[in-house]
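Since the structure is predicted, the reported quantities are computational estimates derived from the model, not experimental observations. We use all heavy atoms of the structure for the numbers below, so side chains are in, but hydrogens, waters and symmetry mates are not.
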Amino acid sequence: EKEEIDASSIVIWCDFACIDQDDRDLQMRGISSLVSYAARSDLVLTPVQNEPGAIEAFTSARHPADLLNYGERAWCRLE
């Protein structure tokens with residue numbers, strides 16, 4: 001089923017671009033704010049590597065932890 005989405009209301013948030021990776025204090029504050037971002041989200045997009053194993057895992061996954069190089073990271077489990 002295709003959803004109609006108003007393009008003017010779309011905001012994309014990239015975690016690696018928005019959470020400081022160098023300053024530990026800023027990083028912790030950013031990580032603490034993840035729940036806030038998730039609560040305001042209608043959709044979460046999951047990037048998948050363009051390789052057979054990752055694509056196969058994506059097509060058969062029942063949980064994010066089933067994805068390659070994604071589900072084992074703690075912040076990904078928040079999503």
Excluding sequence neighbours, so at least two apart, what forms side-chain hydrogen bond (donor to acceptor under 3.5 Å, both in side chains) with Arg62? none
Those residues that, when tested against Asp22, pass side-chain hydrogen bond (donor to acceptor under 3.5 Å, both in side chains) (two or more places apart):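 Here no residue qualifies.
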Residues 47-60, side-chain donor-acceptor partners within the protein, below 3.5 Å, at least two apart:
{"from": "Thr59", "atom 1": "OG1", "to": "Ile55", "atom 2": "O", "distance (Å)": "3.4"}
{"from": "Thr59", "atom 1": "OG1", "to": "Glu56", "atom 2": "O", "distance (Å)": "2.9"}
{"from": "Ser60", "atom 1": "OG", "to": "Glu56", "atom 2": "O", "distance (Å)": "3.0"}

Could you give the side-chain donor-acceptor pairs of residues 24-34 under 3.5 Å, partners two or more places apart or in another chain?
{"from": "Arg24", "atom 1": "NH1", "to": "Gln27", "atom 2": "OE1", "distance (Å)": "3.1"}
{"from": "Asp25", "atom 1": "OD2", "to": "Arg29", "atom 2": "NE", "distance (Å)": "3.4"}
{"from": "Asp25", "atom 1": "OD2", "to": "Arg29", "atom 2": "NH2", "distance (Å)": "3.2"}
{"from": "Ser32", "atom 1": "OG", "to": "Met28", "atom 2": "O", "distance (Å)": "2.9"}
{"from": "Ser33", "atom 1": "OG", "to": "Gly30", "atom 2": "O", "distance (Å)": "2.6"}

